[in-house]
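Sequence lines set the chain letters: A, B, ... in the order given, protein chains first and strands last, and positions in each chain run from 1. On a predicted model such as this, the values are computed, not experimentally measured, just so you know.
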Amino acid sequence: MPVVYVENIGDWEGKEVTLRGWVYNRRSSGKLQFILLRDGTGVIQCVAFKGNFPPEEFALLDALGQESSLEIHGVVRTDSRSPGGFELDIRRFRVIQAADNYPITPKEHGTSFLMENRHLWLRSSRQHAILKIRHEVIRACRDYFDDRGFTLVDTPIFTPNACEGTTTLFETGYFDQTAYLTQSGQLYNEATAAAFGKVYCFGPTFRAEKSKTRRHLMEFWMVEPEVAFATLEETMDLAEGLVCFILERVLARRRAQLEILERDIGALVRVAGPFPRLSYDEAVKVLQASGSAIEWGGDLGGGDETVLSERYDSPVMVHRYPAAVKAFYMQPDPERAEVALCVDVLAPEGYGEIIGGGARIHDHDLLLGRLAEHALSPEPFGWYLDLRKYGAVPHAGFGMGIERVVAWICHLTHLRETIAFPRTLYRIYP
RNA sequence: UCCUCAGUAGCUCAAUGGUAGAGCAUUCGGCUGUUAACCGAAGGGUUGUAGGUUCGAGUCCUACCUGAGGAGCCA
């Protein structure tokens with residue numbers, strides 16, 4: 001007898017099949033048992049009639065708690081009363097493990113309780129839908145770069161020094177040395193870009209900032225492309241293409257999950273290139289006109305990002321920030337040395353920054369000077385400076401935060417639902 | 001780090017300073033088509049912790065603990 005998955009159940013109409021999964025919910029009506037079986041690909045209602053089973057066997061079904069695991073053999077049939085259009089008429093079954101007192105009931109729960117039970121919460125339909133979309137986003141990122149001749153070269157997670165010197169890093173022991181968990185693969189990407197031309201890395205990133213907001217996780221995933229010879233404008237095109245590609249993929253393949261989340265799909269369909277491109281100068285004027293206290297030279301605050309991103313249907317690209325508020329490696333604009341050739345992409349609907357990137361300094365002495373200005377010792381950057389001595393070329397890239405993109409696409413209020421086991425400021429369990 | 005709010009049954013929440021309750025979950029009983037099924041019954045509590053005010057505190061006060069929301073910082 002074929003073992004099948006719920007997502008393919010329509011191919012087996014009228015046939016006897018085996019399903020394996022977990023009890024999502026159970027209802028009984030005297031001589032009938034309705035078991036909603038969940039198998040990771042979908043949920044199907046399975047029906048057992050008392051008269052078809054020995055009494056002691058039927059009693060087993062009556063005692064099944066939520067999330068008990070079992071194997072069911074039965075006949076697939078169409079039924080208009082079933083949400084999925086199909087039902088399974090149970091002929092035989094085997095309880096693999098009978099579960100009692102599953103903590104998450106089909107009623108409402110608070111966030112704190114659900115986070116404490118995150119390992120179980122993942123089984124609920126909403127969390128399942130979000131993580132399926134996350135997977136689609138990640139797959140789209142890989143396909144986008146792979147299809148364009150990029151090479152995936154992953155960068156290390158243990159790093160010997162505080163790369164950018166800006167954010168607080170997690171410190172850890174490394175035998176008799178101190179190591180830090182990476183905050184970005186970008187510096188290493190610059191080395192691999194000089195070896196492969198077009199590269200990207202895709203891994204976890206760690207920030208020990210004591211940020212307690214819906215937009216922050218201590219551990220999050222970034223995809224970071226880096227392209228030798230690329231200009232800022234080419235990088236902006238690459239970022240815009242990536243975002244459009246991800247949306248097309250999710251709309252084409254994960255519409256059912258968006259509907260489970262009751263996402264306004266129209267807002268995603270309206271996203272189209274070319275994205276509005278605003279210089280920092282223009283952005284400041286727009287913000288000042290709308291009442292922001294921002295002055296030229298300051299970085300955009302969270303509220304500023306929200307105001308800007310709510311003005312457009314598509315993500316907005318803000319470029320050429322003051323060099324002083326950006327990292328040491330940012331290439332200054334040859335026309336105006338006080339601004340950097342960088343770009344932030346702000347997602348619409350108030351979601352704020354999803355991408356940050358720009359052109360990197362490729363002149364050795366300029367970079368050395370910037371290190372000094374940022375009070376960074378040049379010794380740990382020996383290898384990084386080498387890249388400016390042996391065939392330096394202009395190059396650029398960006399980093400995109402996966403969780404923020406998923407939160408925007410799913411229209412979530414908090415980043416913690418976009419990753420299976422979020423690491424937040426005051427929670428590292430489970 | 002700062003500000004605000006909240007901790008009562010396994011969960012979600014009630015309870016004017018005066019006997020601590022409901023729904024869901026659990027257990028038992030009923031029902032051949034249920035859709036967060038329904039109907040009946042039962043069990044379930046050191047009201048976050050420690051002090052204090054009061055004849056009397058879940059309720060008021062103080063400290064602490066835990067969590068949530070926001071700010072700053074950041075992607």
Legend entry - Nearest-nucleotide comparison on RNA chain B, the residue closer to the 5′ end among Glu87(A) and Gly356(A): Glu87(A)

Legend entry - 5' precedence on RNA chain B between Arg215(A) and Thr105(A) (nearest-nucleotide basis): Thr105(A)

Which part of the nucleic acid does [X] contact within heavy-atom distance under 4.0 Å: base, sugar-phosphate only, or nothing?
| X | answer |
| --- | --- |
| Gly399(A) | nothing |
| Asp79(A) | base |
| Phe220(A) | base |
| Thr111(A) | nothing |
| Phe34(A) | base |
| Arg126(A) | nothing |
| Gln45(A) | base |
| Ser28(A) | base |
| Ile355(A) | nothing |

Legend entry - Ring geometry between Phe150(A) and Tyr200(A) (parallel below 30°, tilted from 30 to 60°, perpendicular above 60°): perpendicular

Inset, instruction - Just say parallel, tilted or perpendicular for the rings of His411(A) and Tyr351(A), cut-offs at 30° and 60°. - result: perpendicular

Given the side-chain rings of [X] and [Y], with only the six-membered ring counted for Trp, is the space between their centroids under 6.0 Å?
| X | Y | answer |
| --- | --- | --- |
| Trp12(A) | Phe86(A) | no |
| Tyr180(A) | Phe170(A) | no |
| His119(A) | Phe421(A) | no |

Inset, instruction - Answer yes or no: does a side-chain N or O of Arg416(A) lie under 4.0 Å from OP1 or OP2 of rG69(B)? - result: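 Yes, within the criterion.
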
Inset, instruction - Look at His109(A) and rA25(B) and indicate whether a side-chain polar atom (N or O) is within less than 4.0 Å of OP1 or OP2. - result: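 No, no such contact exists.
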
Counterpart base for [N], defined by Watson-Crick or G-U wobble contacts under 3.5 Å:
| N | answer |
| --- | --- |
| rU4(B) | rA68(B) |
| rA41(B) | rU27(B) |
| rA63(B) | rU49(B) |

Whole-Å gap separating [atom2] ([N]) and [atom1] ([X]):
| X | N | atom1 | atom2 | value |
| --- | --- | --- | --- | --- |
| Asp62(A) | rC31(B) | CG | P | 11 Å |
| Arg26(A) | rG33(B) | CZ | P | 17 Å |
| Asn101(A) | rC11(B) | CG | P | 12 Å |
| Leu64(A) | rA25(B) | CG | C1' | 16 Å |
| Phe113(A) | rA6(B) | CZ | C1' | 18 Å |

Legend entry - Closest listed nucleotide, where the reference is the side chain of Arg427(A) and the choices are rA25(B), rU1(B), rG67(B): rG67(B)

